[in-house]
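Structure, as structure tokens:
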Amino acid sequence: MAADSEFHVLAVDDSIIDRKLIERLLKTSSFQVTTVDSGSKALEFLGLHEDDGIINTNTPSVSPNNHQEVEVNLVITDYCMPGMTGYDLLKKIKESSSLKNIPVVIMSSENVPSRISRCLEEGAEEFLLKPVRLSDLNKLRPHMLKTKIKDHQEPEKQDKEEKQQQPQSNNNNRKAMEEGISTEKIRPRLNGITAMV
Amino acid sequence: MDVVNQLRRQFVDYSTSLHREGILDDQFTQLQKLQDENSPDFVVEVASLFFEDCEKLINNMGRALEQQQGVDFKQVDASVHQLKGSSSSIGAMRVKNVCITFRSFCEAQNREGCLRCLQQVIHEFSLLKNKLQTLFRLEQQILTAGGSIPVIE
């Protein structure tokens, strides 16, 4: 089983306290973490220029272990941020051909159903209510695993699977937020992944 | 070892009272659980960041509410929103609850109500800061005496 320390999470939050907290939570869960305090810094780190959407291969954060820019396996972002909101960041990531496969998770201190729906519809994998708990982070690993497994599959197959599962998972997440049910109980996709692993 | 046990009991009693009085909630316990050998000062570090942040926000609110030309309630609300978030993240329940009321007064553009809430925030913040510093001191005493800090569920 691949070590979890291979998973690198980019955490975005304008609050220094929340950044410290999410960093500790992620490290305790054995993820590698980078924290930034804004959406624009997040895009910079991901190598995306806001205007032209082209990866800048000259980013200073190139890992010495590979020839590509630093691999980010998941972006977890606060919703309410000055300037670029978490929703704006989510949109930019999903609209980018190079970044759209990176799973994005939104965090918010406010339980607003319309906000949650909007984010899930835009492609967020999860919507977590703050304060985030260690148990919430258990929901992240499957999304990162899915991306790693996808990398070994044919592109056509991936798209079909995504289209089939997307609406279902959105409904489940919304349901989960409103009814407090664990998403893991009602997500058949998860069982499929477990079987493969 | 009797000194250590005494200190540990003091710590448990003090911690329990803070929870009972609603000064701290379960989120603070979650923070304590995140502290380990890899991050031995985690709680103190988060608390310090919170104290700094809180003071800055209180000053912002005070300044905004003092504007004679007209109070920018959106600005006040933005600071209260931030404080509500941080206090929630650290488990400062009473501070958080004042913020909730505070936000309603901002929405209603009620300057008097806002000023009252600001006073309450200042009061609750001072109380929390003192109590947490006492708690941290107790922890230090236990460690210095060679004991370990009790885990409270």
task: Please say whether more than 12 non-hydrogen atoms of neighbouring residues, nucleotides or ligands are located less than 6.0 Å from CD in B:E107.
output: no
Side chain proximity check, B:H81 to A:E110, heavy atoms < 4.5 angstrom: yes
query: Is B:Y14 reachable from B:L128 through a run of I, L, V, M, F, W or Y residues, each pair having side-chain heavy atoms under 4.5 Å apart?
result: yes
query: Going through the checks in order, is the side-chain contact (heavy atoms from CB on, under 4.5 Å) test met by A:S15 and B:Q82?
result: CA-CA 8 Å; A:S15 158; B:Q82 269 194 64; over 6 Å; no
- prompt: Within a strict 4.5 Å, meaning less than it, do heavy atoms of the B:S39 and A:K27 side chains meet?
  reply: no
message: For the backbone of B:F42 and the side chain of A:R24, can you confirm whether one donor and one acceptor N or O come within less than 3.5 Å of each other?
response: no
task: Indicate, with yes or no, if A:L129 and A:V12 share a hydrophobic cluster defined by side-chain heavy-atom contacts under 4.5 Å among Ile, Leu, Val, Met, Phe, Trp and Tyr.
output: yes
- prompt: Honestly curious: do B:M61 and B:F105 fall in one hydrophobic cluster under the side-chain, below-4.5 Å linking rule?
  reply: no
query: What do you reckon, is CD1 of A:I16 surrounded by more than 12 foreign heavy atoms closer than 6.0 Å?
result: no
query: Going only through I, L, V, M, F, W and Y residues with side-chain contacts under 4.5 Å, is there a path from B:I58 to B:I100?
result: no
query: Any side-chain heavy atom of B:D26 within less than 4.5 Å of one from A:R133?
result: yes
query: Same cluster for B:V43 and B:L143 if Ile/Leu/Val/Met/Phe/Trp/Tyr side chains link at under 4.5 Å?
result: yes
- prompt: Can you tell which of A:D14, A:V132, A:L21, A:L134 has the highest number of heavy-atom pairs within less than 4.5 Å of chain B?
  reply: A:L21
query: For chain A, which residues from residues 86-97 of chain B lie under 4.5 Å away (heavy-atom distances)?
result: B:S86, B:S88, B:S89
- prompt: Should B:L31 and A:K20 count as side-chain neighbours, where that means a heavy-atom distance under 4.5 Å?
  reply: no
- prompt: side-chain contact (heavy atoms from CB on, under 4.5 Å) between B:E45 and A:I17: does it pass, once the steps are laid out?
  reply: CA-CA 9 Å; B:E45 285 167 5; A:I17 288 145; over 6 Å; no
